[in-house]
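By convention in this document, chain letters (A, B, ...) are assigned in the order of the sequence lines, proteins followed by strands, and residues within each chain are numbered from 1.
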There are 2 protein chains.
Amino acid sequence: MDDDLVFKALADPTRRLLLDALFVQGGRSLGDLEQVVAQRTEMTRFGVAKHLRLLEQADLVVTCKQGREKLHYLNPVPIRLIHDRWIDKYTQHHVTALTDLKRQLEESP
Amino acid sequence: MDDDLVFKALADPTRRLLLDALFVQGGRSLGDLEQVVAQRTEMTRFGVAKHLRLLEQADLVVTCKQGREKLHYLNPVPIRLIHDRWIDKYTQHHVTALTDLKRQLEESP
DNA sequence: AGAATAGGTGACCAAAAGGTCACCTGTCTA
DNA sequence: TAGACAGGTGACCTTTTGGTCACCTATTCT
C-alpha cells in the first residue's frame with residue numbers, strides 16, 4: 001500500500017466532501033455523488049469522476065459494479081493506519097480526553 | 001481550526017518524515033531536523049524551515065523558543081480529529097480488528 | 001565589541017495538481 | 001435495433017506547490 005496516494009487523496013477539499021458523503025451513506029453512484037458536489041461548488045461530472053478515481057487508487061473508496069452503475073463505499077482502514085502512525089497506544093487515552101474536551105467546549109457557547 | 005491546512009500539510013512526504021522524527025523524539029531544533037531530512041533527501045535548510053512552518057500553521061507541530069533555538073514537538077490532536085471524522089464509534093472496534101490482522105499478516109512472511 | 005551560530009523573510013523558478021472538453025465504451029429500454 | 005443513459009480516457013490549460021537563493025535579525029561565545 002502506498003502512503004503517498006492516501007495523503008495526496010486527502011489533500012483536496014472536494015475529495016474530503018466525497019468521503020463525508022460516503023460516510024453518511026455508502027453505495028452511491030457517480031451521478032449521485034455529482035449532485036452532492038454540485039450543491040456546494042460548480043464542477044462538471046468529469047471533475048468528480050477524476051476525484052473518485054484518485055480516492056479509489058488510494059484505497060479510501062472501494063467500488064462495486066452493478067449493471068451500468070458503479071457503487072462507491074468508504075473504506076476506513078487507511079485512515080485508521082494514519083492514526084496509528086503518529087498516535088502511540090499509551091498516549092491514545094490522553095489524546096481522546098483532549099479531543100472530547102475540545103468538542104464539549106465548542107458545543108457549549 | 002482549519003482542516004485544509006492540516007491535510008495539505010500531511011500531503012508532502014518530507015513533512016511526514018519530520019512528523020515521524022518528532023514522533024520518535026520531540027524537542028528537536030531546526031538544525032537537528034535538517035540533519036534527519038538530509039539523511040534521506042538532498043534539501044537545504046531553507047526547504048526544511050519552510051516545511052516546518054507549514055506544519056506549525058496546521059497545528060501539527062508546536063514550538064517553544066529556548067534561547068536562540070526553537071524546539072519542535074508533535075501535536076497529535078489534529079490527527080485524532082481526522083480519525084474521528086470518518087471512523088464511527090461503532091465501527092471503530094471492527095476497523096481496529098482489521099488493521100491488527102493486516103499487521104500480523106505483514107509481520108509473518 | 002566582533003565573530004560565529006540559529007533561525008526568519010520575500011522573491012523567484014520549475015514541477016505537479018485541479019478542472020474542462022471532445023470523444024469513446026458499455027448497458028438498459030422502447 | 002436505435003437511442004438514451006452511466007461512466008471512462010487522453011489531451012490541454014491554469015493554478016498551486018516545492019525548492020533555492022540572497023539578505024536580514026537575534027543570541028551566544030571569545
Side-chain angles (χ1 to χ4, degrees), chain A residues 2-22 25-73, chain B residues 2-22 25-73:
Chain A
D2 195 349
D3 285 355
D4 203 49
L5 289 178
V6 176
F7 289 104
K8 287 252 165 50
L10 289 174
D12 184 82
T14 303
R15 289 195 286 269
R16 293 197 295 274
L17 176 62
L18 288 169
L19 290 181
D20 288 338
L22 292 176
Q25 186 183 356
R28 294 171 182 265
S29 65
L30 168 61
D32 194 355
L33 291 167
E34 185 193 348
Q35 286 191 327
V36 172
V37 173
Q39 287 178 353
R40 302 220 179 178
T41 67
E42 299 278 329
M43 190 181 299
T44 54
R45 180 173 59 88
F46 309 98
V48 179
K50 209 167 182 176
H51 285 303
L52 282 173
R53 206 181 54 194
L54 290 182
L55 287 170
E56 200 177 343
Q57 288 175 350
D59 203 33
L60 282 162
V61 163
V62 291
T63 59
C64 156
K65 262 197 166 176
Q66 200 138 32
R68 62 179 167 183
E69 286 191 338
K70 188 177 179 182
L71 305 183
H72 301 74
Y73 297 86
Chain B
D2 195 347
D3 285 355
D4 203 49
L5 289 178
V6 177
F7 289 104
K8 286 252 167 48
L10 289 174
D12 184 82
T14 303
R15 289 194 287 270
R16 293 197 295 273
L17 176 63
L18 288 169
L19 291 181
D20 288 337
L22 292 176
Q25 187 183 354
R28 294 171 181 266
S29 65
L30 168 60
D32 194 353
L33 292 168
E34 184 191 348
Q35 287 191 327
V36 173
V37 173
Q39 288 178 352
R40 301 221 179 177
T41 67
E42 299 279 330
M43 190 181 299
T44 53
R45 180 174 59 88
F46 309 98
V48 179
K50 209 167 183 178
H51 284 303
L52 282 174
R53 206 181 54 197
L54 289 183
L55 287 170
E56 201 177 341
Q57 287 174 351
D59 203 34
L60 282 163
V61 162
V62 290
T63 60
C64 155
K65 263 196 164 177
Q66 199 136 30
R68 62 178 167 183
E69 286 191 339
K70 188 178 180 183
L71 305 183
H72 300 75
Y73 297 87

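- B:Arg28 contributes no side-chain N or O that, together with a main-chain N or O of B:Leu33, makes up a donor-acceptor pair within less than 3.5 Å.
- Side-chain contact between B:Arg45 and B:Leu30: present, with at least one pair of heavy atoms (C-beta onward) separated by less than 4.5 Å.
- Atom CG of B:Leu54 and atom C1' of C:dG8 are 14 Å apart (whole Å).
- A pairwise comparison of heavy atoms in B:Val6 and B:Ala58 identifies CG2-O, 3.5 Å as the closest pair.
- At a threshold of 4.5 Å between non-hydrogen side-chain atoms, the residues A:Leu19 and A:Val61 count as touching.
- Closest-nucleotide positions on DNA chain C for A:Ala11 and B:His72 were compared, and the one nearer the 5' end corresponds to B:His72.
- For the segment residues 42-50 of chain A, the set of residues with a heavy atom within less than 4.0 Å of an atom of DNA chain D comprises A:Arg45, A:Phe46, A:Lys50, in numerical order.
- At whole-Å resolution of the value, CG in A:Leu55 and P in C:dA17 are 14 Å apart.
- Taking only side-chain nitrogens and oxygens, B:Arg53 never comes nearer than 4.0 Å to OP1 or OP2 of C:dG7.
- The side-chain heavy atoms of A:Glu69 and A:Asp32, taken from C-beta on, include no pair separated by under 4.5 Å.
- Distance check: B:Thr63 OG1 to B:Leu55 CG gives 11.5 Å after rounding to the nearest 0.5 Å.
- Nearest heavy-atom pair, A:Ala9 versus A:Arg15, reported as atom, atom and distance to 0.1 Å: O-NE, 2.6 Å.
- The minimum heavy-atom distance linking B:Leu5 with B:Gln57 is given by the pair CD1-O, 3.8 Å.
- Annotation: the span from A:Lys50 atom NZ to A:Arg53 atom CZ amounts to 7.0 Å, rounded to 0.5 Å.
- Between the C1' atom of C:dC24 and the CZ atom of A:Arg68 lies a distance of 17 Å, rounded to the nearest Å.
- One can place NZ of A:Lys65 at 7 Å from P of C:dT27, the figure rounded to the nearest angstrom.
- One finds the NE2 atom of A:His72 at 4.5 Å from the CG atom of A:Leu52 (value rounded to the nearest 0.5 Å).
- Atom OG1 of residue B:Thr14 and atom CG of residue B:Leu54 lie 11.5 Å apart, to the nearest 0.5 angstrom.
- Taking atom CG of residue A:Leu52 and atom C1' of nucleotide D:dT9, one finds them 15 Å apart after rounding to whole Å.
- The stretch residues 25-36 of chain A touches DNA chain D through A:Ser29, A:Leu30, A:Gly31, each having a heavy atom under 4.0 angstrom from the strand.
- In this structure, of D:dG8, D:dT9, D:dG18, it is D:dG8 that holds the atom nearest to the side chain of A:Lys70.
- When the C1' atoms of four end pairs are superposed on the next four at each end of the helix from C:dA1-D:dT30 to C:dA30-D:dT1, using five pairs per end, the two resulting axes differ in direction by 20°, to 10°.
- Of the candidate nucleotides D:dG8, C:dG19, C:dT9, C:dG19 has the atom lying nearest to any side-chain atom of A:His51.
- Nearest approach of A:Ser29 to A:Leu71, heavy atoms of both residues: N-CD2, 4.2 Å.
- Atom CG in B:Leu10 sits about 14 Å away from atom P in D:dT17, given to the nearest Å.
- We find that CG of A:Asp4 is positioned 14 Å from C1' of D:dT17, with the value rounded to whole Å.
- Looking at the side chain of B:Glu69, the nearest of the listed nucleotides C:dG7, D:dT27, D:dG18 is C:dG7.
- Note: CZ (A:Phe7) to P (D:dT17) measures 18 Å, nearest angstrom.
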